[in-house]
S.K.: 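One structure is given below, represented as structure tokens, and several questions about it will come after.
The chain is numbered in sequence order, starting from 1. These numbers were taken from a predicted model, which means no experiment stands behind them.
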Amino acid sequence: MSKPFVYITRKISNDVVKELEEHFTVEMWQEEEEVVPRDVLLNKAKQADAILSMLTDSIDEELLSQSNNLKVVANMAVGYDNIDVEAAKRHQVTVTNTPDVLTDTTADLTFALLMATARRLPEAVDYIKDDLWKTWSPYMLAGSDIHHKTLGIVGLGSIGQAVAKRATGFDMNVIYYNRSRKEDVESQLGVQYTSFDELLEQSDFVVCMTPLTPETDGLFNEETFNKMKDTAIFINSSRGGVVNEDDLYHALKQGDIKAAGLDVFQNEPIGADHPLLSLNEVVALPHIGSSSIETRTEMMKLAARNIKKVLNGEGPVTPI
């Protein structure tokens, strides 16, 4: 009897692949920085019992309807907006993600992005590299304080809570908006629930940690930015689709808000000619929220465990 076939859509750790190969026939797209072509993915999916996917792979009705052997899609990400979950249900395919293991790493990056944007660190690095540092002056590259400011978090999931925890070390006043109030977290972390509009009006830093859903698509737009302080700094390390990038560009150009730190974009990867990159007020990163060696390895291992569990007839570790 042939072993179940597992297809991996991007080059991952050899150690993780070897663990899967002990039980299954495994094939992997051998490029680390190149998305598997759609025709290749569709062809392999037709044969696969399991797919270990990345957030760059579209697992949609077209793919699922042709994949008669497919039992599980293990997405190596906490988000899963690249997967048509309802279609997966119709085709009786289990979908899993990799929550929790990346919480602290993503929170670290989010707070680092906040700090880099507030204190203009990328500008300061370039200032020296471009040989512009000739003297000291009182307001040279002066940024914004972080300590004792008001941080507004939109989306208080596990990563949002970890960001709030880090903010307490800076004596920040933390407020949040979430679709459901979390009174246990309020008492634990000393955060305060507000309406979305109140959060926008009160916050010195607005951090978006909400998933991309039909309700949050384009949530941050011209109307939203107009409600924020003109000294406010916007940080997004969730999903690019929650932001109308044209509106963000104009809000920054017109001085409606002060600056933005972005780890995610509507269409990725972006090019160097992206309008937002023309602004000194923007700190842009290439979607590296969970990108530490330790965390990415744990994400791979968790995705592999989900595949092993499902193909062995057991319940997955982290089902969606």
S.K.: Quick test of your reading of the model: are R166 and D104 salt-bridged, counting only N-O distances below 4.0 Å?
M.R.: yes
S.K.: Rounded at 0.5 Å granularity, tell me how far OG1 in T117 sits from CD1 in I146.
M.R.: 9.0 Å
S.K.: Over all heavy atoms of both residues, which pair between I307 and A50 is shortest? Give the atoms and the distance, please.
M.R.: CG2-CB, 3.7 Å
S.K.: How about N173 and I175: do any of their side-chain heavy atoms sit closer than 4.5 Å?
M.R.: yes
S.K.: Kindly write out the residues that satisfy ring-ring contact (aromatic ring centres under 6.0 Å, His included) with F196, not counting sequence neighbours, or none if the list is empty.
M.R.: Y177, F220
S.K.: Checking R119 against L141 for the side-chain contact (heavy atoms from CB on, under 4.5 Å) test, could you report, in this order, the C-alpha distance in whole Å, the side-chain angles of both residues, the deciding distance, and whether it holds?
M.R.: CA-CA 8 Å; R119 295 301 303 272; L141 291 165; over 6 Å; no
S.K.: Just verifying a value: how many Å separate R179 CZ and L156 CG, rounded to the nearest 0.5 Å?
M.R.: 12.5 Å
S.K.: Carefully, step by step, assess I59 and L64 under the rule side-chain contact (heavy atoms from CB on, under 4.5 Å).
M.R.: CA-CA 7 Å; I59 309 297; L64 292 162; 4.1 Å; yes
S.K.: Looking at D60 and R38, is there a salt bridge between them, counting it only when a charged N and a carboxylate O are closer than 4.0 Å?
M.R.: yes
S.K.: Starting at CE of M228, measure out to CG of D256 and round the result to the nearest 0.5 Å.
M.R.: 10.0 Å
S.K.: Do the charged groups of K182 and E186 touch, with an N to O distance under 4.0 Å?
M.R.: no
S.K.: According to a 4.5 Å side-chain heavy-atom criterion applied to Ile, Leu, Val, Met, Phe, Trp and Tyr, with indirect links allowed, do L20 and W29 form part of one hydrophobic cluster?
M.R.: no
S.K.: So, R120 side chain and A142 main chain: donor-acceptor pair closer than 3.5 Å or not?
M.R.: yes
S.K.: Would you call N312 and H23 a side-chain contact if the rule is heavy atoms closer than 4.5 Å?
M.R.: no
S.K.: Is the NZ atom of K149 crowded by more than 12 outside heavy atoms at less than 6.0 Å?
M.R.: yes
S.K.: What I want to find out is whether E86 reaches K89 closely enough, with some N-O distance under 4.0 Å, to be called a salt bridge.
M.R.: yes
S.K.: Heavy-atom distance under 4.5 Å between the side chains of V6 and L311, does that happen here?
M.R.: yes
S.K.: Keeping the roles fixed (side chain from S203, backbone from L200), state whether a donor-acceptor pair exists under 3.5 Å.
M.R.: no
S.K.: Is it true that I320 and V73 fall in one hydrophobic cluster, defined by side-chain heavy atoms closer than 4.5 Å?
M.R.: yes
S.K.: Any chance you could lay out the side-chain contact (heavy atoms from CB on, under 4.5 Å) test for K134 and D131, step after step, and finish with the verdict?
M.R.: CA-CA 8 Å; K134 304 302 181 182; D131 198 27; 3.3 Å; yes
S.K.: Spell out, as yes or no, whether a donor-acceptor pair under 3.5 Å connects the side chain of N43 to the backbone of D39.
M.R.: no
S.K.: Please check if the number of heavy atoms outside Q92 that lie under 6.0 Å from its CD is greater than 12.
M.R.: no
S.K.: Got a second to check how far D57's CG is from N75's CG, nearest 0.5 Å?
M.R.: 7.5 Å
S.K.: So which atom in T103 and which in A162 form the shortest heavy-atom distance, rounded to 0.1 Å?
M.R.: CG2-CB, 3.9 Å
S.K.: Has the side chain of N306 got a donor or acceptor atom that lies under 3.5 Å from a matching backbone atom of T318?
M.R.: yes
S.K.: Under the criterion side chain to side chain contact (heavy atoms under 4.5 Å, CB included), which of N244, D230, L252, V243 is the partner of F225?
M.R.: V243
S.K.: Main chain of N69, side chain of K71: is a donor-acceptor contact present, judged purely on distance under 3.5 Å?
M.R.: yes
S.K.: Once you round to the nearest 0.5 Å, how far does CD1 of I257 lie from CD of Q254?
M.R.: 11.0 Å
S.K.: So does Q30 have more than 12 non-hydrogen atoms from other groups sitting under 6.0 Å from CD?
M.R.: yes
S.K.: Quick one: which of I233, V163, L151 gives a side chain to side chain contact (heavy atoms under 4.5 Å, CB included) with L114?
M.R.: L151
S.K.: Quick one: does any side-chain atom of S237 pair with a main-chain N or O of D263 as donor and acceptor, under 3.5 Å?
M.R.: no
S.K.: Are F265 and M209 joined in one hydrophobic group, where the rule is that I, L, V, M, F, W and Y side chains link up if heavy atoms are under 4.5 Å apart?
M.R.: yes
S.K.: If Ile, Leu, Val, Met, Phe, Trp and Tyr residues are connected whenever their side-chain heavy atoms lie under 4.5 Å apart, and connections chain through other members, are V185 and Y176 in the same group?
M.R.: yes
S.K.: How close do A77 and R239 get, counting heavy atoms only, and between which atoms?
M.R.: CB-NH2, 4.4 Å
S.K.: So, taking the atom named CE in M76 and the one named CG in L302, what distance separates them when rounded to the nearest 0.5 Å?
M.R.: 10.5 Å
S.K.: For residues V78 and T106, determine if any side-chain heavy atom of one lies less than 4.5 Å from a side-chain heavy atom of the other.
M.R.: no
S.K.: Keeping T295 on the side-chain end and S292 on the backbone end, is there a donor-acceptor pair under 3.5 Å?
M.R.: no
S.K.: Taking all atoms of both residues into account, what is the closest heavy-atom pair of I12 and M28, and its distance?
M.R.: N-SD, 3.3 Å
S.K.: Please assess E223 against K227 for the test salt bridge (charged side-chain N to carboxylate O under 4.0 Å, His left out), listing each intermediate value before the final yes or no.
M.R.: CA-CA 7 Å; E223 180 182 1; K227 292 177 181 177; 3.5 Å; yes
S.K.: Under a plain distance cut-off of 3.5 Å, with no hydrogens placed, do D204 and T231 share a side-chain donor-acceptor pair?
M.R.: no
S.K.: Measuring only between side-chain heavy atoms, which start at C-beta, is S290 closer than 4.5 Å to R296?
M.R.: yes
S.K.: Between N221 and T224, is there a side-chain donor-acceptor contact under 3.5 Å, judged purely by atom types and distance?
M.R.: yes
S.K.: Might you work through the side-chain contact (heavy atoms from CB on, under 4.5 Å) test for L109 and L285, ending with a clear yes or no?
M.R.: CA-CA 10 Å; L109 186 282; L285 304 178; 4.0 Å; yes
S.K.: What about the rings of F5 and F24, do their centers lie closer together than 6.0 Å?
M.R.: no
S.K.: Would you mind reporting whether M140 and W133 have side-chain heavy atoms less than 4.5 Å apart?
M.R.: yes
S.K.: Angle between ring planes, F111 versus F170, binned at 30° and 60°: parallel, tilted or perpendicular?
M.R.: tilted
S.K.: Taking the side chain as everything from C-beta on, heavy atoms only, tell me whether I51 gets closer than 4.5 Å to L63.
M.R.: yes
S.K.: Of the non-hydrogen atoms in T98 and A303, which two are nearest, and what is the gap between them?
M.R.: CG2-N, 4.1 Å
S.K.: Taking K11 first and then E32, would you say they form a salt bridge - that is, a charged N and a carboxylate O separated by under 4.0 Å?
M.R.: no
S.K.: If you take all heavy atoms of A74 and T96, which pair is closest and at what distance?
M.R.: CA-OG1, 3.2 Å
S.K.: Using a cut-off of 6.0 Å, state whether more than 12 heavy atoms not belonging to E19 lie near its atom CD.
M.R.: yes
S.K.: Please check if atom CD in E27 has more than 12 non-hydrogen atoms from other residues, nucleotides or ligands closer than 6.0 Å.
M.R.: yes
S.K.: What pairs of donor and acceptor atoms, side-chain ones from residues 271-283 against any protein atom, are under 3.5 angstrom apart with sequence neighbours left out?
M.R.:
{"residue": "H274", "atom": "ND1", "partner": "L276", "partner atom": "N", "Å": "3.2"}
{"residue": "H274", "atom": "NE2", "partner": "E245", "partner atom": "OE1", "Å": "3.0"}
{"residue": "S278", "atom": "OG", "partner": "P275", "partner atom": "O", "Å": "2.6"}

S.K.: Following the transitive rule for hydrophobic clusters with a side-chain heavy-atom cut-off under 4.5 Å over Ile, Leu, Val, Met, Phe, Trp and Tyr, establish whether I288 and L212 coincide in one cluster.
M.R.: yes
S.K.: Between T210 (side chain) and V154 (backbone), is there a donor-acceptor pair under 3.5 Å?
M.R.: no
S.K.: How about K258 and K229: do any of their side-chain heavy atoms sit closer than 4.5 Å?
M.R.: no
